[in-house]
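In what follows, a structure is listed as structure tokens, so that the remarks can point back to it.
Counting starts at 1 for both ligands and their atoms, in listed order. Residues take their numbers from the sequence shown, with the count starting at 1.
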Amino acid sequence: MSTTRQDLLQAFDTLLQPARFKDYGPNGLQVEGKAEVGKIVSGVTASRALIEAAIAARADAIFVHHGLFWRGQDGRVTGWMKQRLALLLAHDINLYAYHLPLDAHPELGNNAQLGVQLGLAVSGRFGEQDLGFVGALADGGQFADAAALAAHVGKVLDRPVTQAGPAQAAIKNIAWCTGGAQGYFEAAIAAGADAFITGEISEPQAHYAREMGVAFIACGHHASERYGAPAVAAHVAGQLGLAHEFIDIDNPA
Ligand SMILES: [Zn+2]
């Protein structure tokens, strides 16, 4: 089965509603390829490695969280940008990218899907554009301390995590926001969280964690955002009868 480039765009837009967001780059079709799409490859970032893997997998479209174009770029098609675009254009592959709309989708987005992975039930949202999620363990339990939560996150995501904050305090209310959301920590504290989970930590958050008595867990930008793109792409591929494959290009950050 196949669909058209435009119908696929329509399906992603209907699901993710990009018009509702103020974002750092264009959401939707970023690079136009062939008119008919039979197979989608999803991934976290439109890196050259993902594009090459998608070519090898005979994809007609790539669906990612991190596309090619961001506010603040100078617009030159040189270096890595030239290489990535050249591959996409030479193979006539469509590139669809959704940034904040993919973080935010209440069931299939990065935050919702990370919550599922970690066994968390969502009780509310917080922060700018409601991107942050709050909740607790779906089984009603709690973590004895920040180290126990950090161990759980590290085990689920299969990578080392960075932990800051109080050594001995039980953790029940958990806030999270995937990717580079360390700037949401204060909003998470204001939302009543005992711990905040995101991808990255910067220097100030370690101090805030100690001083406010709220644990901060950084589990990797890439690792925290591995689940939304395949969930959305699989959903839309199912709707339209397309083939779909998620390709994870590992990233230590
Ligand atoms: Zn990200």
* **E186: partners by salt bridge (Lys or Arg N to Asp or Glu O under 4.0 Å), with sequence neighbours left out** => none
* To do: Measuring from the Zn ion (ligand 1), count protein N/O/S atoms under 2.8 Å, please.
  => 3
* To do: Without swapping roles, check the side chain of T198 against the backbone of A181 for a donor-acceptor pair under 3.5 Å.
  => yes
* Closest heavy-atom contact between A175 and V134? -> CB-CG1, 3.6 Å
* Structure fact -> Note: F196 and A188 closest approach over all heavy atoms is CD1-CB, 3.6 Å
* To do: May I ask you to check whether H105 and H235 place their ring centers less than 6.0 Å from one another?
  => no
* Asked: With side chains defined as the heavy atoms from C-beta onward, is the minimum distance between I197 and V161 less than 4.5 Å?
  -> no
